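Accompanying notes for the structure given below.
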Amino acid sequence: MPSLQPYSTFGLAASCDSIQSFTDVASFLSIFNTHKNETNNAIYILGGGSNSIFTDDFDGTILVNEIKGISHFDTESHHYLRVGAGENWHDFVTLCMKEKWYGFENLALIPGSVGASPIQNIGAYGREVNALIDKVECVFLESGEQVLLGNEDCQFGYRDSVFKHALANKVLITHVNFKLPKHYELETSYGELAALTEPTPEKVYSTVIEIRKSKLPDPVELGNAGSFFKNPVVSKAVFKAIAQEYDSVPHFVVHGGVELPATEKEQIKIPAAWLIDQAGFKGKTLNKVRCHPTQPLVLTNLGGATGNDVITMAKDIIASVQGMFGIQLEPEVRLLGSKGLISL
């Protein structure tokens with residue numbers, strides 16, 4: 001049975017029945033249709049492996065998305081890009097900076113593939129990718145029908161999209177189409193970026209990389225899956241109750257968004273890292289899993305960690321934060337057991 005360790009940046013020892021890659025829609029459908037009717041053979045589609053943790057041997061087939069290619073055209077007002085889902089996200093951002101196709105600078109050094117970016121609606125330092133997505137090209141798994149979803153069709157929310165709900169496990173993302181305005185305002189209000197003098201896209205890009213490298217472990221050197229938990233969004237009432245006891249609680253006002261009820265136009269995002277730190281987990285180790293000392297939002301594999309170690313640590317963090325603050329943390333990573341996705 002082939003090892004899954006090289007296909008997940010967290011690097012747990014796990015295996016599966018088979019691993020196959022595809023480079024276009026036709027090869028994907030051929031492989032998928034061959035395996036989908038096999039009894040007791042689950043199928044999981046993998047991109048860069050930076051957001052999937054295999055907690056156990058997977059009883060099925062892993063299909064690796066290697067659809068590549070980047071095309072560009074522009075008008076007087078915008079750059080338009082069509083990008084294969086199998087392209088590496090940071091390499092793509094770096095190319096855009098080189099070509100002066102600006103807009104992605106805040107999203108530098110986020111691990112993973114381009115195809116994963118709309119699923120998670122990846123974001124960092126005040127920018128979310130949905131603001132730059134024009135259309136997403138997909139294939140329905142059962143029918144093989146190819147569809148083009150507009151930005152609104154994707155139902156983007158905070159680390160959320162239709163691909164996690166109505167279309168979860170129903171489509172393969174093959175390409176993402178981006179629309180970048182040539183005239184736009186840099187986003188420098190978040191964290192260390194606010195200290196930049198005379199900011200440029202290049203300065204934001206390099207600063208974001210420096211910040212991420214200083215706080216986050218390199219998965220090549222220390223196994224991890226980036227941010228393990230989502231930053232929770234809470235009501236003003238919940239935030240005020242916490243702020244009465246912790247007057248220094250960091251927070252950000254969230255305006256609108258599909259994940260918010262219509263009656264609440266504003267809610268408050270509290271960094272999960274702060275909550276985890278307050279709960280006493282920063283730097284804490286359980287067997288071979290550690291809550292990272294400089295960024296407690298990240299769990300790391302010290303070498304030889306097991307799936308049970310990861311699940312136990314995650315559950316301990318969730319229970320402690322729930323007990324202290326009444327906030328239920330949700331994993332941002334995808335945890336997989338022997339039969340597929342599992343929830344904590």
Side-chain angles (χ1 to χ4, degrees), residues 7 18-38 41-52 60-75 78-89 91-93 95-96 101 103-104 107 110 112-122 128-157 159-180 258 334 336 340-341:
Y7 292 90
S18 67
I19 300 173
Q20 298 187 53
S21 62
F22 57 91
T23 57
D24 54 36
V25 174
S27 62
F28 165 74
L29 289 174
S30 175
I31 297 169
F32 182 81
N33 289 330
T34 298
H35 288 283
K36 73 176 182 179
N37 294 321
E38 293 179 1
N41 187 68
I43 296 174
Y44 184 69
I45 301 168
L46 196 63
S50 63
N51 200 48
S52 298
T61 299
I62 300 296
L63 303 184
V64 182
N65 190 336
E66 293 186 0
I67 297 175
K68 301 292 180 68
I70 300 171
S71 60
H72 164 267
F73 74 89
D74 65 333
T75 64
H78 289 83
H79 293 286
Y80 292 85
L81 298 161
R82 180 177 186 255
V83 188
E87 292 284 351
N88 175 274
W89 175 261
D91 290 349
F92 164 63
V93 172
L95 172 68
C96 289
W101 304 332
F104 295 113
L107 307 179
I110 293 179
S113 64
V114 169
S117 65
I119 299 173
Q120 284 289 105
N121 186 19
I122 59 172
E128 291 186 336
V129 74
N130 70 287
L132 303 169
I133 288 177
D134 187 23
K135 299 178 178 67
V136 178
E137 298 176 41
C138 308
V139 176
F140 274 93
L141 301 182
E142 289 303 317
S143 66
E145 178 189 3
Q146 299 184 50
V147 295
L148 193 62
L149 300 180
N151 186 289
E152 289 190 4
D153 299 325
C154 296
Q155 299 175 24
F156 290 118
R159 300 296 178 272
D160 203 18
S161 70
V162 72
F163 305 108
K164 287 188 169 186
H165 300 285
L167 296 182
N169 304 314
K170 293 182 179 178
V171 298
L172 164 76
I173 294 175
T174 62
H175 296 81
V176 183
N177 294 261
F178 298 98
K179 181 180 180 181
L180 311 180
V258 296
R334 309 182 92 193
L336 291 108
L341 292 170

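Note: hydrogens, waters and symmetry copies are ignored here, and every other heavy atom, side chains too, is used. By convention here, the first residue in the shown sequence is residue 1. Computed from a prediction, not measured in an experiment: that's the story for all the values here.
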TODO: Indicate yes or no for a side-chain donor-acceptor contact from N121 to the backbone of F156 under 3.5 Å, with no hydrogens or angles considered.
DONE: no
Open item on the list: How close do I173 and G115 get, counting heavy atoms only, and between which atoms?
Closed with: CD1-O, 3.5 Å
TODO: Walk me through it: do F104 and L81 pass the test side chain to side chain contact (heavy atoms under 4.5 Å, CB included)?
DONE: CA-CA 12 Å; F104 295 113; L81 298 161; 4.3 Å; yes
Open item on the list: Quick check: closest heavy atoms across L132 and G103, and the distance to 0.1 Å?
Closed with: CD1-O, 3.3 Å
- [ ] Flag the pair L63 / I31 as yes when at least one side-chain heavy-atom distance between them is below 4.5 Å, and no otherwise.
- [x] yes
Open item on the list: Looking at every non-hydrogen atom in both residues, tell me the closest pair between H165 and S161 and how far apart they are.
Closed with: CD2-O, 3.2 Å
Task: Spacing of D153 atom CG and L148 atom CG [to the nearest 0.5 Å] - done: 8.5 Å
Task: Closest approach of H35 to T61 (non-hydrogen atoms, all atoms of both residues) - done: ND1-OG1, 3.5 Å
- [ ] Report yes if the side chains of N151 and K179 come closer than 4.5 Å at any heavy-atom pair, otherwise no.
- [x] no
Open item on the list: Counting only heavy atoms from other residues, nucleotides and ligands, does the tally under 6.0 Å from NZ of K170 exceed 12?
Closed with: no
Open item on the list: Could you report the tightest heavy-atom contact between S113 and G47, atom names first, then the distance?
Closed with: OG-CA, 3.9 Å
Open item on the list: side chain to side chain contact (heavy atoms under 4.5 Å, CB included) for I43 and K36? Distances and angles first, verdict last.
Closed with: CA-CA 7 Å; I43 296 174; K36 73 176 182 179; 4.1 Å; yes
Task: Minimum side-chain heavy-atom gap L107-F92 below 4.5 Å - done: no
Open item on the list: Are F178 and W101, when compared by the centres of their aromatic rings, separated by less than 6.0 Å?
Closed with: no
- [ ] Of all the heavy-atom pairs spanning G112 and S50, show the shortest one and how long it is.
- [x] CA-OG, 3.1 Å
Task: Side chain proximity check, W89 to V129, heavy atoms < 4.5 angstrom - done: yes
- [ ] Let me know which of L167, V162, D160 forms a side-chain contact (heavy atoms from CB on, under 4.5 Å) with Q155.
- [x] V162
Open item on the list: Here's a test for you: under side-chain contact (heavy atoms from CB on, under 4.5 Å), which of N33, L141, T23, T174 qualifies with F28?
Closed with: L141
Open item on the list: Please report the interatomic distance CD(E137) to CD1(I67), rounded to the nearest 0.5 Å.
Closed with: 9.5 Å
Task: Check: P118 and N130 side chains under 4.5 Å, non-hydrogen atoms - done: no
TODO: Look up atom CG in D134 and atom SG in C154, then write down how far apart they are to the nearest 0.5 Å.
DONE: 10.0 Å
Open item on the list: Could you tell me if the side chain of K135 sits less than 4.5 Å from the side chain of L149, heavy atoms only?
Closed with: no
Task: Beyond-backbone contact of L336 with S52, side-chain heavy atoms, under 4.5 angstrom - done: yes
- [ ] To the nearest 0.5 angstrom, please state how far the OG atom of S71 sits from the CZ atom of R82.
- [x] 6.0 Å
Task: Separation of E87 CD from H175 NE2 (nearest 0.5 Å) - done: 9.0 Å
Task: Rounded distance (nearest 0.5 Å) linking atom CG of N51 with atom CD1 of I110 - done: 11.0 Å
- [ ] Evaluate the side-chain proximity of E128 to I122: yes if any heavy-atom separation is below 4.5 Å, no if none is.
- [x] no
- [ ] Kindly indicate, with the supporting measurements, whether the criterion side chain to side chain contact (heavy atoms under 4.5 Å, CB included) is fulfilled by H78 and Y80.
- [x] CA-CA 6 Å; H78 289 83; Y80 292 85; 3.6 Å; yes
TODO: State which residues pass side chain to side chain donor-acceptor pair (under 3.5 Å) with S30; sequence neighbours excluded, sorted by chain then number.
DONE: none
- [ ] Go through the steps for F22 and I45 under the test side chain to side chain contact (heavy atoms under 4.5 Å, CB included), then give the verdict.
- [x] CA-CA 10 Å; F22 57 91; I45 301 168; 4.3 Å; yes
Open item on the list: Over 60° means perpendicular and under 30° means parallel, so tell me whether H79 and H72 are parallel, tilted or perpendicular.
Closed with: tilted
